[in-house]
Amino acid sequence: MAPPTPVLPHLAIDFFAPAHEVAAALIGVELLVDGVGGRIVETEAYDRDDPASHSHRGPTLRNAAMFGPPGRAYVYRSYGIHWCLNVVCGPEGHGAGVLIRALAPTHGLARMRERRGLQDVRLLAAGPGRLGQALAIDPRLNGRPLDQPPFELRPRAGTEQVQIQTGPRIGITRAADVPWRFGEAASPFLSRPFPRR
DNA sequence: AGCACGATAGACT
DNA sequence: GTCTATCGTGCTT
(Lines give C-alpha, C1' and ligand atoms only; values in the text may rest on other atoms or scores of the structure.)
Protein backbone atom coordinates (compact mmCIF):
# COMPACT_ATOMS: atom_id res chain seq x y z
CA MET A 1 0.00 0.00 0.00
CA ALA A 2 1.23 3.44 -0.89
CA PRO A 3 1.66 6.10 1.78
CA PRO A 4 -0.89 8.92 1.91
CA THR A 5 -0.79 10.96 -1.28
CA PRO A 6 -1.89 14.57 -1.63
CA VAL A 7 -4.61 15.03 -4.23
CA LEU A 8 -5.03 18.23 -6.18
CA PRO A 9 -8.14 20.20 -5.36
CA HIS A 10 -10.87 20.32 -7.96
CA LEU A 11 -14.24 21.92 -8.49
CA ALA A 12 -16.16 19.37 -10.52
CA ILE A 13 -16.35 15.60 -10.81
CA ASP A 14 -15.85 13.98 -14.19
CA PHE A 15 -18.05 10.90 -14.04
CA PHE A 16 -16.81 9.77 -17.44
CA ALA A 17 -13.37 9.17 -15.95
CA PRO A 18 -12.25 5.63 -15.02
CA ALA A 19 -13.63 4.19 -11.82
CA HIS A 20 -10.41 4.42 -9.84
CA GLU A 21 -10.11 8.13 -10.68
CA VAL A 22 -13.70 8.88 -9.76
CA ALA A 23 -13.29 6.89 -6.55
CA ALA A 24 -10.38 9.10 -5.53
CA ALA A 25 -12.11 12.28 -6.70
CA LEU A 26 -15.15 11.56 -4.54
CA ILE A 27 -13.19 11.57 -1.30
CA GLY A 28 -14.03 14.78 0.54
CA VAL A 29 -17.16 15.42 -1.51
CA GLU A 30 -20.33 16.03 0.45
CA LEU A 31 -23.20 13.65 -0.36
CA LEU A 32 -26.74 14.35 0.79
CA VAL A 33 -29.98 12.45 0.28
CA ASP A 34 -33.01 14.56 1.16
CA GLY A 35 -30.66 16.84 3.04
CA VAL A 36 -29.17 14.05 5.14
CA GLY A 37 -25.58 12.95 4.73
CA GLY A 38 -21.99 14.05 5.04
CA ARG A 39 -18.50 14.04 3.67
CA ILE A 40 -17.45 10.94 1.73
CA VAL A 41 -14.39 9.40 3.39
CA GLU A 42 -14.21 5.93 1.79
CA THR A 43 -14.91 4.52 -1.67
CA GLU A 44 -14.09 1.49 -3.80
CA ALA A 45 -13.74 1.28 -7.58
CA TYR A 46 -15.24 -1.51 -9.68
CA ASP A 47 -14.77 -1.94 -13.42
CA ARG A 48 -16.15 -4.16 -16.14
CA ASP A 49 -12.75 -5.77 -16.56
CA ASP A 50 -12.69 -6.74 -12.89
CA PRO A 51 -13.78 -10.14 -11.62
CA ALA A 52 -14.95 -8.61 -8.32
CA SER A 53 -17.40 -6.27 -10.07
CA HIS A 54 -21.12 -6.90 -10.40
CA SER A 55 -20.74 -5.79 -14.01
CA HIS A 56 -18.03 -8.27 -14.89
CA ARG A 57 -20.35 -10.82 -16.48
CA GLY A 58 -22.26 -8.24 -18.49
CA PRO A 59 -25.64 -6.55 -18.08
CA THR A 60 -28.34 -8.23 -15.96
CA LEU A 61 -31.54 -7.03 -14.35
CA ARG A 62 -29.73 -6.21 -11.10
CA ASN A 63 -26.74 -4.33 -12.53
CA ALA A 64 -28.54 -2.56 -15.40
CA ALA A 65 -27.88 0.88 -13.90
CA MET A 66 -24.14 0.26 -14.09
CA PHE A 67 -24.47 0.13 -17.88
CA GLY A 68 -26.51 3.33 -18.05
CA PRO A 69 -25.35 6.94 -18.07
CA PRO A 70 -22.59 7.92 -15.64
CA GLY A 71 -23.34 10.20 -12.71
CA ARG A 72 -26.32 8.12 -11.65
CA ALA A 73 -26.94 5.78 -8.75
CA TYR A 74 -26.57 2.02 -8.80
CA VAL A 75 -28.35 0.60 -5.75
CA TYR A 76 -28.07 -3.07 -4.87
CA ARG A 77 -29.07 -5.35 -2.02
CA SER A 78 -26.25 -6.86 -0.08
CA TYR A 79 -26.54 -10.13 1.82
CA GLY A 80 -30.30 -9.90 1.70
CA ILE A 81 -30.30 -7.09 4.26
CA HIS A 82 -28.50 -3.92 3.26
CA TRP A 83 -28.98 -1.43 0.43
CA CYS A 84 -25.70 -0.10 -0.91
CA LEU A 85 -25.04 2.94 -3.11
CA ASN A 86 -22.70 3.20 -6.08
CA VAL A 87 -21.91 6.06 -8.42
CA VAL A 88 -21.97 4.93 -12.06
CA CYS A 89 -18.94 6.21 -13.95
CA GLY A 90 -16.89 5.75 -17.09
CA PRO A 91 -18.28 5.95 -20.62
CA GLU A 92 -21.98 5.15 -20.87
CA GLY A 93 -22.45 1.42 -21.20
CA HIS A 94 -19.03 0.65 -19.79
CA GLY A 95 -20.25 -0.93 -16.57
CA ALA A 96 -18.03 0.84 -14.04
CA GLY A 97 -18.99 2.14 -10.65
CA VAL A 98 -17.77 3.45 -7.34
CA LEU A 99 -19.14 2.02 -4.11
CA ILE A 100 -19.66 4.71 -1.47
CA ARG A 101 -18.44 2.96 1.65
CA ALA A 102 -18.42 5.54 4.41
CA LEU A 103 -19.02 9.15 5.23
CA ALA A 104 -18.45 11.60 8.04
CA PRO A 105 -21.94 12.79 9.02
CA THR A 106 -22.51 16.53 8.70
CA HIS A 107 -26.24 17.00 8.00
CA GLY A 108 -29.31 15.42 9.56
CA LEU A 109 -27.59 13.59 12.38
CA ALA A 110 -30.83 13.20 14.34
CA ARG A 111 -32.45 11.56 11.33
CA MET A 112 -29.51 9.21 10.90
CA ARG A 113 -29.57 8.27 14.58
CA GLU A 114 -33.25 7.42 14.31
CA ARG A 115 -32.73 5.28 11.24
CA ARG A 116 -29.68 3.52 12.66
CA GLY A 117 -31.03 3.12 16.16
CA LEU A 118 -27.81 4.27 17.77
CA GLN A 119 -26.12 7.43 18.95
CA ASP A 120 -22.43 6.99 18.18
CA VAL A 121 -21.73 9.33 15.28
CA ARG A 122 -18.78 7.21 14.24
CA LEU A 123 -21.02 4.24 13.50
CA LEU A 124 -23.78 6.06 11.66
CA ALA A 125 -22.35 5.61 8.16
CA ALA A 126 -19.04 3.75 8.59
CA GLY A 127 -19.65 1.01 6.03
CA PRO A 128 -21.77 0.66 2.88
CA GLY A 129 -24.67 -1.06 4.64
CA ARG A 130 -24.67 1.38 7.54
CA LEU A 131 -24.49 4.31 5.12
CA GLY A 132 -27.41 2.89 3.18
CA GLN A 133 -29.52 2.67 6.30
CA ALA A 134 -28.48 6.12 7.58
CA LEU A 135 -29.35 7.78 4.25
CA ALA A 136 -32.44 5.63 3.61
CA ILE A 137 -31.03 4.29 0.37
CA ASP A 138 -33.59 2.06 -1.34
CA PRO A 139 -34.20 0.61 -4.79
CA ARG A 140 -36.39 3.54 -5.83
CA LEU A 141 -33.15 5.53 -6.05
CA ASN A 142 -31.61 3.08 -8.52
CA GLY A 143 -30.69 4.87 -11.74
CA ARG A 144 -31.49 8.34 -10.41
CA PRO A 145 -29.11 11.20 -11.31
CA LEU A 146 -26.86 12.25 -8.47
CA ASP A 147 -27.04 15.92 -9.40
CA GLN A 148 -30.79 16.10 -8.85
CA PRO A 149 -33.04 15.74 -5.80
CA PRO A 150 -33.22 13.82 -3.60
CA PHE A 151 -29.48 13.59 -4.18
CA GLU A 152 -27.04 16.42 -3.77
CA LEU A 153 -23.30 16.24 -4.40
CA ARG A 154 -21.20 19.15 -3.25
CA PRO A 155 -17.63 19.04 -4.57
CA ARG A 156 -15.04 20.10 -2.07
CA ALA A 157 -13.76 23.65 -2.21
CA GLY A 158 -11.08 24.43 -4.76
CA THR A 159 -8.60 25.28 -2.06
CA GLU A 160 -9.17 22.13 -0.06
CA GLN A 161 -6.54 19.39 -0.07
CA VAL A 162 -7.34 15.85 0.97
CA GLN A 163 -4.92 13.16 2.07
CA ILE A 164 -5.91 9.93 0.34
CA GLN A 165 -4.94 6.41 1.30
CA THR A 166 -5.35 3.36 -0.90
CA GLY A 167 -5.48 -0.34 -0.12
CA PRO A 168 -7.18 -3.60 -1.01
CA ARG A 169 -10.97 -3.67 -1.25
CA ILE A 170 -12.96 -5.16 1.60
CA GLY A 171 -15.09 -8.26 1.66
CA ILE A 172 -14.25 -9.63 -1.79
CA THR A 173 -12.63 -12.89 -2.78
CA ARG A 174 -11.70 -12.29 -6.41
CA ALA A 175 -9.07 -9.67 -7.32
CA ALA A 176 -8.59 -9.22 -3.59
CA ASP A 177 -5.13 -7.74 -4.06
CA VAL A 178 -6.17 -4.88 -6.35
CA PRO A 179 -5.66 -1.63 -4.36
CA TRP A 180 -8.89 0.04 -5.38
CA ARG A 181 -10.12 1.08 -1.96
CA PHE A 182 -9.71 4.82 -1.34
CA GLY A 183 -10.06 6.72 1.90
CA GLU A 184 -9.37 9.94 3.66
CA ALA A 185 -6.23 9.24 5.65
CA ALA A 186 -6.83 8.53 9.32
CA SER A 187 -10.51 9.49 9.22
CA PRO A 188 -12.35 8.18 12.30
CA PHE A 189 -15.34 7.43 10.06
CA LEU A 190 -13.77 4.69 7.93
CA SER A 191 -15.48 1.31 7.90
CA ARG A 192 -12.10 -0.13 8.91
CA PRO A 193 -8.61 1.29 9.16
CA PHE A 194 -6.32 0.83 6.18
CA PRO A 195 -3.69 -1.86 6.71
CA ARG A 196 -0.21 -0.62 7.51
CA ARG A 197 2.37 -1.53 4.98
C1' DA B 1 -23.53 -22.21 -3.30
C1' DG B 2 -21.91 -17.62 -2.90
C1' DC B 3 -22.01 -13.21 -1.84
C1' DA B 4 -18.95 -5.38 -2.76
C1' DC B 5 -22.27 -6.62 5.18
C1' DG B 6 -22.97 -5.94 10.08
C1' DA B 7 -24.34 -7.24 14.90
C1' DT B 8 -23.11 -10.01 18.36
C1' DA B 9 -20.63 -13.25 21.34
C1' DG B 10 -16.61 -14.89 23.03
C1' DA B 11 -11.45 -15.04 23.42
C1' DC B 12 -7.62 -12.62 24.34
C1' DT B 13 -4.07 -8.32 25.75
C1' DG C 1 -9.69 -2.23 25.22
C1' DT C 2 -8.77 -5.45 20.59
C1' DC C 3 -9.54 -9.27 17.57
C1' DT C 4 -11.95 -13.28 15.41
C1' DA C 5 -15.72 -16.41 14.38
C1' DT C 6 -20.57 -17.06 13.46
C1' DC C 7 -24.75 -16.36 11.27
C1' DG C 8 -29.07 -13.86 9.48
C1' DT C 9 -30.95 -12.50 5.19
C1' DG C 10 -32.70 -12.67 0.20
C1' DC C 11 -31.18 -12.49 -4.29
C1' DT C 12 -27.83 -14.08 -8.21
C1' DT C 13 -25.57 -17.83 -10.44
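All figures in this text were calculated on a predicted structure; none of them were measured in a lab. In what follows, chains are A, B, ... by sequence order, proteins preceding strands, each numbered from 1.
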Contact class for A/Arg62 vs. all strands (heavy atom < 4.0 Å): base, sugar-phosphate, or nothing?
sugar-phosphate
For B/dA7, does either OP1 or OP2 sit under 4.0 Å from a side-chain N or O belonging to A/Arg130?
yes
A/Tyr76 vs A/His54 aromatic rings, parallel, tilted or perpendicular, using cut-offs 30° and 60°?
perpendicular
Could A/Glu44 and A/Arg101 be called an ion pair, given the rule that one side-chain N must be under 4.0 Å from one carboxylate O?
yes
Test: A/Arg72 and A/Asp147 ion pair at under 4.0 Å:
no
Can you tell me if the side-chain N/O atoms of A/Ser78 get under 4.0 Å from OP1 or OP2 in B/dC3?
no
N/O to N/O distances under 3.5 Å, protein versus nucleotides 10-13 of chain B:
none

Quickly work out the A/Glu42 CD to B/dC5 C1' distance and round it to whole Å.
12 Å
Atom CG of A/Asn63 to atom P of C/dT12: distance rounded to whole Å?
10 Å
Any strand counts, and the cut-off is 3.5 Å on both contacts for Watson-Crick or G-U wobble. Which nucleotide pairs with B/dA4?
none
Measure from OH on A/Tyr46 to P on B/dA4 and round the result to the nearest Å.
7 Å
Heavy-atom closest contact (A/Val41 atom, A/Leu190 atom, distance)
O-CD2, 3.4 Å
Select base, sugar-phosphate, or nothing to describe what A/Arg116 touches, counting heavy atoms under 4.0 Å on all strands.
sugar-phosphate
Distance to the ring centre below 6.0 angstrom and angle to the axis at most 45 degrees; does that hold for A/Arg122 and A/Phe189?
no
With a 4.0 Å cutoff (strictly under), does any side-chain N or O of A/Arg101 reach OP1 or OP2 of B/dC5?
yes
